[in-house]
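Sequence positions, counted from 1, serve as the residue numbers for this chain.
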Amino acid sequence: MPLALLALAVGAFGIGTTEFVMMGLLPDVADDLHISIPAAGHLVSAYALGVVIGAPLLAAATARMSRRKVLIGLMVLFVAGNTLSALAPDQQWLLAARFLSGLPHGAFFGVGAVVATGLVAPERKARSVSLMFLGLTVANIAGVPVATFIGQHFGWRATFLGVGVIGLAAIASLALLIPHDHTHAATGGLRGELAALRSLPVWLALGTTVAGFGALFSAYSYVTPMLTESAGYTESSVTLLLALFGVGATVGNLVGGRLADHSLRGTLFGGLASLVAVLALFPLLMTAQWSAALAVTLLGTAAFVTGSPLQLMVMEKASAAPSLASSANQAAFNLANAGGAWIGGLALAGGFGATSPALAGAALAVLGLAVAGTAYTVDRRRATAQAVTPGRLVAAHVPDRPEALRR
């Protein structure tokens, strides 16, 4: 695998750290800015809104630009957003800065996935995407805990300054390692990129992302009360257990990338089925501390097995606009974050118990399997229709005719 993937992973590490660190810093930010914790929670939503809006817009607006320059520009925007977050004098400023920080998130992963697959042989495409995502999963193991520790001991502003430094390191890595001859985007322009999204298979792939990762966030958003109320862990132990989730996500990401290069759909179906099983077993696994720790690890593994296959599938279904489609998949991921948390919250508010969000997640994973199955059926029917269309059969023999006439 080329070293250029390391540059993408460094950028992903910084993005993953700034996305998830706010959850651990909410009390500190709320206390410093003299706002309530629910009000501070809007800072998480502001970042997610930036991702959803920025992912397709920035990818489409930069369709004609060199992808290498686009990646560097996105990281410059990322550094600016985190620096402004560190300097924020009040909640409104910080909300705007968090929104700005979220804007390059989806486009970076979207354009980065296209660059990553262009750096390797076709049989290693999924693996290359998984190595870029490795930065995101490792951020949950090392980046977020360290950044949270810095914020709690040196102030939350120091955390965002530190993340900005990571962004500067990513810019230097991208400039040094991303080769110029792999960076030129297609010249179809904005209209061509948008037209490529008018495809049912693309939307089915995006729908699978929303349902599949919605299942993850339905449970993960409320994993702390599950661990404390059902499994009996203390709140101080939760940080270590969340690091286990990061370990599981890292393993699942690497395994999913390797398996997807052999069978894209098989890996996707297997990952979603595993996610259904893990979430359905959560009420049982949360009855003991050892099995609860296992459940958190397996949740990360099962969910992130599907990450690379989904990213690659969206890109293949919109081959004329891979950057835009890939970025749209990141927007779908954040919609899954918000939607899954909302559905899990409904189950919890309904009085169905601390582990009910996991069962709601299992239902969403089943929905993801159904959408993926529908996509498979649509693809098979289209392939069959193309194979039997007389015009296509004739066209396949047209190039042979001049040769035969010359003979």
Answer whether the closest heavy-atom distance between the side chains of Leu359 and Phe352 falls below 4.5 Å.
no
Got Glu229 and Thr355 here, is their nearest side-chain heavy-atom distance under 4.5 Å?
no
Close side-chain approach of Val276 to Leu272, heavy-atom, < 4.5 Å
no
Ring centroid separation for Tyr220 and Phe245, is it under 6.0 angstrom?
yes
Ring centroids only, cut at 6.0 angstrom: are Tyr47 and His105 within range, meaning strictly under it?
yes
The test is side-chain contact (heavy atoms from CB on, under 4.5 Å); show your working for Thr83 and Phe160 and say whether it passes.
CA-CA 6 Å; Thr83 302; Phe160 290 110; over 6 Å; no
Assign the ring pair Phe133 / Phe109 to parallel, tilted or perpendicular, where the plane angle (0 to 90°) is split at 30° and 60°.
tilted
If we only count heavy atoms from C-beta on, is the Thr137 to Phe13 side-chain gap below 4.5 Å?
no
Side-chain heavy atoms of Ser85 within contact of Leu94, under 4.5 Å:
yes
Interatomic distance, Ser308 atom OG to Arg258 atom CZ [nearest 0.5 angstrom]:
12.0 Å
Would you give the length of the straight line joining atom OH of Tyr222 to atom CG of Leu348, rounded to the nearest 0.5 angstrom?
7.0 Å
Stepwise side-chain contact (heavy atoms from CB on, under 4.5 Å) check, Val51 with Phe333:
CA-CA 9 Å; Val51 178; Phe333 179 88; over 6 Å; no
Separation between CG (Leu25) and CD1 (Ile150), nearest 0.5 Å, reads 10.0 Å
Keeping the roles fixed (side chain from Asp28, backbone from Trp156), state whether a donor-acceptor pair exists under 3.5 Å.
no
Considering only heavy atoms from C-beta outward, does the side chain of Leu312 approach that of Glu316 to under 4.5 Å?
yes
Output the distance between atom CG (Leu95) and atom CG (Leu100), rounded to the nearest 0.5 Å.
12.5 Å
Do side-chain atoms of Arg127 reach the backbone of Leu259 as a donor and acceptor pair under 3.5 angstrom?
no
